[in-house]
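Quick note: residue numbers are just sequence positions, from 1. Remember, it's a predicted structure, so these values are computed and weren't measured experimentally.
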Amino acid sequence: MAHVSNAHVTALDDVGTTLLESASRLLADEGPASLTVRRIAAESGMSTMNVYSRFGGKHGVVEQLFLRGFELLAAAMGSVPATDQPLVDLAACGQAYRTFALEHTTLYEVMFGQVVADYEPSPAALASGLATLQHLADRLQRCIDAGLVRNGPALHLAAIVWSTCHGVVSLELQQKLSAAIDWGTVFDDACANVLRGLAR
């Protein structure tokens, strides 16, 4: 059996995957109060021992949701091909970020929204999240090298772009004023404006 109690192990067997899917479903449908070892096990049709043996407890489950989210986000941004137009590639990376957030809302909230108030990511999990930001930094470095963006630490500039993307997406996910605002257009315009601000 795969023992997944820390951020260094992400491979899960079928039982672990089922438990994680059940936890994600509970969190989405009933909120963080439902996320107990007993409920996760019951939702999966298993004993609580399965949760403890694979994750160590509730926080281990949430940690794996946190890690799984960043794993999927990294895959989404990494799937954007590199072309001879670095700025276009960078914008596509931003779109991949928004698409991930809209398609994996529960994971996004675990990653960035502190939806489980008593969960604190381990240092290794935080390092995993920062490594994902490197995908954006790499795209920005190509823009810097091409003379399209002002020179500076790529990770710092990536944090500026990420902050913009995250701010718009977070408001969109709250679904407030959604009938009055075209969030897709807001996202495009906000990203375009921040890139213009970073231009040479």
Side-chain angles (χ1 to χ4, degrees), residues 4 6-12 17 20-21 24 63-115 121-174 178 181-200:
V4 186
N6 58 58
H8 301 291
V9 182
T10 56
L12 297 172
T17 298
L20 207 60
E21 289 172 349
S24 181
E63 180 109 317
Q64 285 302 312
L65 291 174
F66 182 93
L67 289 166
R68 181 63 57 86
F70 276 109
E71 182 180 61
L72 291 174
L73 178 56
M77 293 195 296
S79 69
V80 175
T83 72
D84 58 357
Q85 299 184 71
L87 278 176
V88 173
D89 298 346
L90 182 58
C93 198
Q95 286 295 338
Y97 180 93
R98 177 172 179 262
T99 297
F100 163 81
L102 297 179
E103 291 182 351
H104 302 281
T105 303
T106 301
L107 291 178
Y108 191 84
E109 290 177 347
V110 171
M111 294 156 66
F112 300 117
Q114 293 184 312
V115 65
S122 68
L126 290 173
S128 176
L130 183 61
T132 302
L133 182 58
Q134 188 62 45
H135 284 275
L136 196 57
D138 291 344
R139 304 285 178 164
L140 268 158
Q141 188 62 57
R142 291 184 65 230
C143 294
I144 294 170
D145 294 343
L148 300 170
V149 168
R150 71 170 184 256
N151 196 21
L155 194 62
H156 172 78
L157 299 181
I160 294 172
V161 175
W162 173 40
S163 298
T164 302
C165 294
H166 175 70
V168 176
V169 167
S170 295
L171 287 173
E172 181 176 8
L173 291 177
Q174 289 180 16
S178 59
I181 297 175
D182 180 347
W183 287 108
T185 300
V186 170
F187 185 89
D188 291 342
D189 288 348
C191 290
N193 279 312
V194 76
L195 291 179
R196 278 194 288 271
L198 294 177
R200 283 185 174 274

Verify side-chain contact (heavy atoms from CB on, under 4.5 Å) between Asp188 and Gln95, making sure each step is shown before the conclusion.
CA-CA 8 Å; Asp188 291 342; Gln95 286 295 338; 2.4 Å; yes
Go through it in stages, so that I can follow the logic: the residues are Val169 and His166, the test is side-chain contact (heavy atoms from CB on, under 4.5 Å), and I'd like the CA-CA distance, side-chain angles, deciding distance and then a yes or no.
CA-CA 5 Å; Val169 167; His166 175 70; 5.8 Å; no
Look up atom [atom1] in [X] and atom [atom2] in [Y], then write down how far apart they are to the nearest 0.5 Å.
X	Y	atom1	atom2	value
Leu173	Trp183	CG	CH2	10.0 Å
Glu103	Leu72	CD	CG	10.0 Å
Leu65	Glu21	CG	CD	10.5 Å
Met77	Leu133	CE	CG	7.0 Å
Gln64	Thr17	CD	OG1	10.0 Å
Arg68	Met111	CZ	CE	12.5 Å

Least distance between heavy atoms, [X] atom then [Y] atom:
X	Y	result
Ala154	Gln141	CB-OE1, 3.4 Å
His135	Ala74	NE2-CB, 3.6 Å
Ala159	Ser163	O-OG, 2.7 Å
Pro121	Phe66	CG-CE1, 3.7 Å
Cys191	Val194	O-CG1, 3.1 Å
Leu67	Ala125	CD2-CA, 4.0 Å

Keeping [X] on the side-chain end and [Y] on the backbone end, is there a donor-acceptor pair under 3.5 Å?
X	Y	value
Arg139	Ala91	no
Ser24	Leu20	no
Ser170	Gly167	no
Ser128	Ala124	no
Asp89	Ala82	no

Which of parallel (below 30°), tilted (30 to 60°) and perpendicular (above 60°) describes Phe70 and Phe112?
perpendicular
Answer whether the closest heavy-atom distance between the side chains of Val161 and Leu198 falls below 4.5 Å.
yes
With a 4.5 Å heavy-atom cut-off, do Glu172 and Leu102 have their side chains touching?
yes
Leu90, Leu155, Asp145 screened by side chain to side chain contact (heavy atoms under 4.5 Å, CB included) with Leu140, the one that passes:
Leu90
Given the rule in the side-chain contact (heavy atoms from CB on, under 4.5 Å) test, do Leu157 and Leu136 qualify, once you have shown the distances and angles that lead to the verdict?
CA-CA 9 Å; Leu157 299 181; Leu136 196 57; over 6 Å; no
